[in-house]
Amino acid sequence: MNDYLDQLNDVQRQAVTNVDGPVMVIAGPGSGKTRVLTFRIAHLINSGVEPRQVLSLTFTNKAAREMKDRISRVVGKGGNYVWAGTFHSLFSRILRIEAEKIGYPATFSIYDTDDSKALIKDIISRMGLDKSKYPPGLVLNRISNAKSNLITWKAYGGNAELVSRDQSEGRPDMYKIYQKYVIRCQKSGAMDFDDLLLNTFRLFYENKDNVVAKYRERFKYVLVDEFQDTNFLQYAIVKQLTRYKGSSQNICIVGDDAQSIYAFRGATISNILDFKKDYPSLKVFKLEQNYRSTPHIVAAANSVISNNRSQIKKEIWTEYSSGNKIALVKALSDAEEARRVAGLIVEQKNRHHYANKDIAILYRTNAQSRAFEEQLRRHDIPYRIYGGMSFYQRKEVKDLMAYLRLSINPADDEAIRRIINYPRRGIGKTTLDKIMTIATSEELSAWEAMDREIFNSRTTNLLKKFKGLIASFVEKAQTMNAYDLALHIYKKSGMDADLSKDNSIEGLSRRENITSLLDGIKEFIDSDELLTNDPDMDERSISEYLQSVALITDFDSEDGDDDHVLLMSAHASKGLEFKSVFVVGLEENLFPSFMAKDSPSSMDEERRLFYVAITRAMEHLTLSYSNSRYQYGSMRFNDPSRFLDEIEPDHFQNPELVVKEPVTGSDRSKVSGVFPKRKPASKPGTTRPAPADFKVSDPARVAAGMRVRHLRFGEGEVLAVEGGAENRIATIQFEEVDNPKKKIMLKYARLQILD
DNA sequence: GGCCAGTTTCTTTTT
DNA sequence: GAAACTGGCC
């Protein structure tokens with residue numbers, strides 16, 4: 001029965017078998033963290049704990065599913081009854097069971113970020129505030145932060161620190177927006193992502209009908225994965241469940257402070273650092289042996305992360321004695337970077353017999369995927385973009401979903417906003433404006449506000465018709481399943497008619513998207529996967545479906561036998577591993593992001609993100625950067641990333657490429673320790689204003705010997721031109737001290753020929 | 001009220 | 001470069 005224990009090393013085994021009382025597992029990358037978690041759960045079950053008494057909070061749905069699978073493999077079908085999922089998905093399930101206790105309908109809507117932003121925008125404009133002073137994204141961020149720290153709008157308004165910050169920024173009305181936002185969400189029977197947590201906290205805190213006791217009793221063992229990514233609120237809920245008088249404190253948290261990459265979302269490392277204070281009888285286990293990566297990769301990761309200021313002390317080590325050095329790719333343009341990466345992928349596949357799915361390309365921003373997609377297609381390499389959630393972002397998909405949302409919760413204002421006039425039914429901006437004004441000022445839902453007799457007779461009629469339509473869907477929702485209802489709505493709402501009119505390629509693809517959405521719903525209602533295992537709940541209900549879709553984060557439809565090269569953001573790569581990993585775009589202002597350059601703590605987070613990215617690699621790690629990049633509509637020039645300097649040259653196959661070209665005259669190398677100030681004119685990412693007489697000449701005419709002028713580098717002489725047609729590269733001797741000799745790709749460079 | 005075209009703005013990561 | 005916004009016109 002205990003043979004699974006033989007598959008563990010000493011520390012791992014202790015982390016698995018010490019099941020009583022608080023346990024913290026600090027797990028470096030590749031140290032068998034998932035294995036420890038799953039075996040721990042399996043061990044609990046084997047020791048007589050009922051699966052349904054185990055609550056396992058993971059970061060992604062995918063991790064949860066994987067965990068369930070693995071548990072089932074060890075303990076059999078019972079593993080399915082473990083409550084494993086993300087904070088958001090499990091708590092939203094609890095909230096649906098208990099919704100009435102906190103004044104919400106069980107069919108509450110979940111607002112995604114777009115919904116929240118639209119609502120905030122609406123509130124701001126209705127309050128007559130200057131929207132340049134209150135960018136919706138920033139406002140949402142502030143509200144989200146407040147909620148994550150359990151600060152109500154009232155507390156916000158009374159918090160001297162927050163108020164004075166807002167005041168000094170010229171945003172004195174922030175807490176009023178917060179207040180209106182909260183009220184309108186409430187009236188709409190809607191929760192945003194943070195509310196799913198906040199309301200769970202409230203539910204437990206208010207403890208009506210002993211509800212918290214019920215869940216404490218039920219979840220005897222709580223496990224939290226990726227604990228370094230939890231925020232104050234999430235930790236507060238975990239404490240509600242495990243830290244109370246008489247609790248046996250059976251909590252196990254697993255995490256790695258070095259992999260904390262969600263501070264921007266309110267995650268706080270102090271949770272992990274303070275854990276010992278909250279649970280004094282804590283046992284700590286450190287998993288430091290890396291089973292994933294070869295030595296150069298492990299050493300590079302250690303040396304990069306050692307540049308961060310505070311951290312829990314640990315050193316990752318590996319038993320592997322040999323492995324490949326890190327390859328470095330230096331390109332002149334983003335297109336060339338992608339082309340060379342694609343070329344290397346072809347080569348690696350041949351030489352090492354890698355399947356496509358053994359390889360991943362990781363980047364800092366999703367926008368970088370384009371160049372790689374293009375080149376992979378050109379090289380006939382199947383690929384897949386992971387994350388991005390593009391399918392559920394499509395207009396037609398969101399539209400149909402909005403109707404579904406309304407059919408179980410007609411108060412959902414943001415769903416109304418979406419489809420009140422789609423397809424066209426003559427209810428335009430003016431009318432919607434009126435409705436929302438009433439909704440805001442009288443604290444009603446839009447649905448209720450429509451009943452006010454303030455519209456002209458034509459509009460009143462149109463609104464009546466619209467309400468009748470939605471009411472008919474509400475009625476159908478009582479009896480139909482999610483699939484039949486979606487199909488019914490598609491036909492009767494007029495969406496079908498509208499989309500069928502359009503016979504362009506785009507129109508066709510929209511209809512295809514609807515078809516796949518419907519297929520997805522069908523799959524959902526036919527699936528027999530256990531979700532809640534709660535006898536009171538209809539596991540295949542419309543609201544269950546909507547909830548599951550609202551909280552989809554990773555590509556859940558990942559088919560195991562698909563063989564694709566994976567493209568994803570470094571963030572999305574956390575928890576995954578690949579034989580060969582390409583981390584691309586390693587340039588200052590990109591990775592690390594320009595957003596981080598003024599704040600040491602954000603820079604540390606960028607470094608942790610880089611650490612996460614490179615530790616995904618098992619056998620091959622390739623890092624690439626480009627001298628120039630087409631970004632936000634214009635050409636940018638950036639220095640190679642500082643992170644490249646933080647890796648000992650020994651670990652590179654071709655360390656000479658790390659040496660910076662004197663592009664900006666700066667040298668940040670660790671050896672010299674010199675950090676010269678940049679001259680404003682040569683700041684990366686900026687262009688000098690064009691002299692009035694500057695004219696771009698036809699690049700094809702550029703030849704050796706000519707005098708040319710470059711917007712950023714000044715005047716110089718062309719020494720040589722090499723390369724053919726598409727990729728001609730000129731070597732130019734510029735006169736400015738900061739920019740001596742440079743190689744420039746002619747198809748991108750904007751040069752003026754002077755003579 | 002609806003539509004198109006021109007203009008402006010803002011560029012990260014995601015539950 | 002894309003999305004969001006604006007203004008002008010039917």
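We name chains A, B, ... by the order of the sequence lines, and we start the count at 1 in each one.
- The separation between A:Met595 atom CE and B:dT11 atom P is 7 Å, rounded to whole Å.
- Between A:Glu544 and A:Arg93, at least one side-chain N (NZ, or NE/NH1/NH2) sits under 4.0 Å from a carboxylate O, which counts as a salt bridge.
- Remark: A:Arg265 is positioned above the aromatic ring of A:Tyr262, its terminal NZ or CZ atom under 6.0 angstrom from the ring centre and at most 45 degrees off the axis.
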Worksheet item: Step by step, would you call A:Glu374 with A:Arg378 a salt bridge (Lys or Arg N to Asp or Glu O under 4.0 Å)?
Response: CA-CA 6 Å; A:Glu374 208 176 299; A:Arg378 203 163 287 180; 3.6 Å; yes
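- Looking at A:Asp412, its side chain never comes within 3.5 Å of a backbone N or O of A:Ser109 through a donor-acceptor pair.
- Distance A:Lys133 NZ to B:dC10 C1': 17 Å, rounded to the nearest Å.
- Taking side-chain N and O atoms only, A:Thr431 has a distance below 4.0 Å to OP1 or OP2 of B:dG1.
- For the pair A:Gly428 and A:Leu609, both in contact range of DNA chain B, the more 5′-proximal nearest nucleotide belongs to A:Gly428.
- Comparing A:Thr430 and A:Ala596 by the nucleotide of DNA chain B whose heavy atom lies nearest to each, the residue mapping closer to the 5' end is A:Thr430.
- For A:His571, counting side-chain heavy atoms from C-beta on, the closest listed nucleotide (B:dT14, B:dG1, C:dG1) is B:dT14.
- Listed candidates were B:dT14, B:dT15, B:dT12. Nearest to the side chain of A:His88 is B:dT15.
- The side chain of A:Arg424 sits closest to B:dC3 out of B:dC3, B:dT13, C:dG1.
- To the nearest whole angstrom, the two P atoms, one in B:dT13 and one in C:dA4, are 15 Å apart.
- Residue-nucleotide stacking is not present for A:Phe87 and B:dT15, judged by a side-chain ring centre under 5.5 Å from the six-membered base ring centre and planes under 30° apart.
- Both the sub-6.0 Å distance and the 45° axial angle are satisfied by A:Lys239 relative to the ring of A:Tyr235.
- One finds a side-chain N or O of A:Asn366 lying less than 4.0 angstrom from the OP1 or OP2 phosphate oxygen of B:dT13.
- Between A:Lys429 atom NZ and C:dA4 atom C1' the separation is 13 Å, expressed in whole Å.
- Rounded to an integer number of Å, the gap from A:Asn421 CG to B:dC3 P is 9 Å.
- Atom CG in A:Leu462 sits roughly 9 Å away from atom P in B:dG2 (whole-Å rounding).
- Take A:Tyr104 and apply the side chain to side chain donor-acceptor pair (under 3.5 Å) test, not counting sequence neighbours, and it matches no residue.
- With B:dT14, B:dT15, B:dG1 as the choices, the nucleotide that has an atom nearest any side-chain atom of A:Arg458 turns out to be B:dG1.
- The side chain of A:Ser569 places no N or O atom within less than 4.0 Å of a non-bridging phosphate oxygen (OP1 or OP2) of B:dT13.
- Between A:Arg370 atom CZ and C:dA2 atom C1' there is a gap of 9 Å when expressed in whole angstrom units.
- Rounded to whole Å, atom C1' of B:dT15 lies 12 Å from atom CG of A:Leu140.
- In the set B:dG1, B:dT14, B:dT12, the nucleotide with an atom closest to the side chain of A:Arg265 is B:dT14.
- Listed pair A:Lys121 / C:dC5 meets the phosphate criterion, a side-chain N or O lying under 4.0 Å from OP1 or OP2.
- Taking only side-chain nitrogens and oxygens, A:Ser593 never comes nearer than 4.0 Å to OP1 or OP2 of B:dT13.
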